[in-house]
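Position 1 is the first residue of the sequence; numbering continues from there.
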Amino acid sequence: MAKYKVLAVVNSEEMRLILRQEIANEESLVLLGFSALDNSLLTKINGYAPHIVLLVQEEGDTGMMDIAQRIYQGFPGCAVVLLSNKVDITLINNAMQVGIRQVVDSSDLSTLNDALLKAAVFERGRIGEAGREPHVISIYGGKGGAGKTTVAVNLAVALAQTGRRTALIDLCLTFGDVSVLLNISAKDTISELVQEKSSFTIDDIKSFSMQHSSGVSVLSAPSSPELAEYITPKHVEALVNIMRPYYDFIVLDLPSDLSESTLTAIENSDDIVLVSRLDIPNLRAAKAMFNIFNKLQQEEKVLLLLNADHKAILTHKDFERVLERPISFVLPNDEKSLQLSQERGTICYGHAPVSCFAGDAEISQPLG
């Protein structure tokens, strides 16, 4: 089922929790995340490409009508909804003049989801040629050794070879291997970027990235484990938000931990590919991760990838029964090709899970 993406503009942690719970009750809506009413809002809208921006009027907020008008004029296809505790005829008239589609009284949230859906439907007529939607894909494995970095690298290369503008960020900050698998030697990495730039632009990010021969733009992990401490969750969020408008796909290779930086990456992703193997430890880890994703309200983003498939005691049906969801992708077991690719720094899989993300594109020959 197609879902409308909502970006909520609110500072109050209490209201953020309420909105999470309320929007989660509507299957046709998905909450992308939150933003403050500041200069970063328009950048986030440009990157996230939400269908709806929900503005929550709070004490002391100024300039909300002005920002609503800028969203209406600058982002056709993005509906604006206002949530306020002081709804009167004057507010509604002012809202209509700046392009706000719906005004909802915060004292009665029972009408909120219906208002969001109506706003999105009404706004669809203004989409016209409003551009593509960038896609951020996190590759995660709850169990070490599942092969997530291999999947991340091959997926990024496969997407780039279909002509998509693709970036790959190695967020395994202590022991990232993306540069090793791609056989590149990165002089500048994500740690140099955040140390040299207190705030950065897309040009800064590109200058600290390397262009792989496949066309993938690679931002490598720190060259030494102790440098990982320089990268904060705010840096991760800024990277994703700044890069979104400039790439068709951004692939994030995530560590198996659940640090604040990892959680920030997950929350800012459109899809989470959970990489698992056909054994009991991986099944147990996958089950635990789905429980966590559910608590974080991120479960609907998750796609299950079964890596290095082979005959075993467990079957695909066992996995699907225990996890209570289907397997989205299956990659065959080919240890010889995998070992050679890692030793030589070449791409190994000819069946990276690219078709789900790149429309009709398919990779049928080994990537070399």
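Between Lys44 and Asp38, none of the side-chain N atoms (NZ, or NE/NH1/NH2) sits under 4.0 Å from a carboxylate O, so this pair counts as no salt bridge. In summary, Glu123 and Arg101 engage in a salt bridge, as defined by a charged side-chain N under 4.0 Å from a carboxylate O. Look at Arg321 and Asp318 and you find a salt bridge, because one of the NZ, NE, NH1 or NH2 atoms lies within 4.0 Å of a carboxylate O, short of that distance. At a threshold of 4.0 Å, the pair Lys301-Asp270 does not count as salt-bridged, since none of the basic side-chain nitrogens sits closer than that to a carboxylate oxygen. With salt bridges taken as basic N to acidic carboxylate O contacts below 4.0 Å, none links Glu192 and Lys187.
Few gaps surround CZ on Arg20; more than 12 heavy atoms of other groups in view lie less than 6.0 Å from it. Residue Gln211 qualifies as enclosed at atom CD: its count of foreign heavy atoms under 6.0 Å is above 12. The environment of Arg70 atom CZ is sparse: at most 12 non-hydrogen atoms of other residues, nucleotides or ligands sit within 6.0 angstrom. Surrounding CD of Glu14 are at most 12 heavy atoms belonging to other residues, nucleotides or ligands under 6.0 Å away.
Separating the CE atom in Met289 from the CG atom in Leu304 is a distance of 12.0 Å, to the nearest 0.5 Å. Rounded to the nearest 0.5 angstrom, Gln57 CD and Leu55 CG are separated by 9.0 Å. Put simply, CD on Gln73 and CD1 on Ile71 are 11.0 Å apart, with the number rounded to the nearest 0.5 Å. Rounding to the nearest 0.5 angstrom, the gap separating the CG atom in Leu155 from the CG atom in Leu168 is 9.0 Å. Between atom CG of residue Leu31 and atom CD of residue Gln298 there is a gap of 8.5 Å, rounded to the nearest 0.5 Å. For the atom pair CG (Leu252) and SG (Cys172), the distance works out to 10.5 Å, reported to the nearest 0.5 Å.
Within the 4.5 Å cutoff, no side-chain heavy atoms of Leu32 are placed close to those of Val6.
Using modelled atom types, one finds no donor on one side chain facing an acceptor on the other under 3.5 Å when comparing Thr201 with Asp203. For the residue pair Thr43 / Ser40, no side-chain donor-acceptor distance below 3.5 Å is found, with atom types taken as modelled. Counted by atom type alone, Ser106 and Asn85 present zero donor-acceptor pairs between their side chains at under 3.5 Å. A donor-acceptor pair shorter than 3.5 Å can be found between the side chains of Asp271 and His135. For the residue pair Ser220 / Thr189, no side-chain donor-acceptor distance below 3.5 Å is found, with atom types taken as modelled. There is a side-chain donor-acceptor pair under 3.5 Å between Asp257 and Thr262.
Contact record, Ile139 with Ala152: CG1-CB, 3.7 Å, taken as the closest heavy-atom pair. Of all the heavy atoms in Ser256 and Tyr140, the pair that sits closest is O-OH, 2.7 Å.
Linking ILVMFWY side-chain heavy atoms closer than 4.5 Å, directly or via other members, places Leu117 and Val30 in two distinct hydrophobic clusters.
Contacts classified as salt bridge (Lys or Arg N to Asp or Glu O under 4.0 Å) and involving residues 110-120 (residues at least two apart or in different chains) are given here: Asp114-Lys118.
Applying the side chain to side chain contact (heavy atoms under 4.5 Å, CB included) test between Arg277 and each of Leu283, Asn282, Leu314, Leu305 identifies Asn282 as the sole match.
Every residue was checked against the salt bridge (charged side-chain N to carboxylate O under 4.0 Å, His left out) condition with Asp279, not counting sequence neighbours, and none meets it.
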Extract all donor-acceptor atom pairs below 3.5 Å that involve side chains of residues 228-235 and protein atoms in other chains or at least two apart in sequence.
residue : atom : partner : partner atom : Å
Thr232  : OG1  : Lys234  : N            : 3.4
Thr232  : OG1  : His235  : N            : 3.3
Thr232  : OG1  : His235  : ND1          : 3.1
His235  : ND1  : Tyr230  : O            : 3.3
His235  : ND1  : Thr232  : N            : 3.0

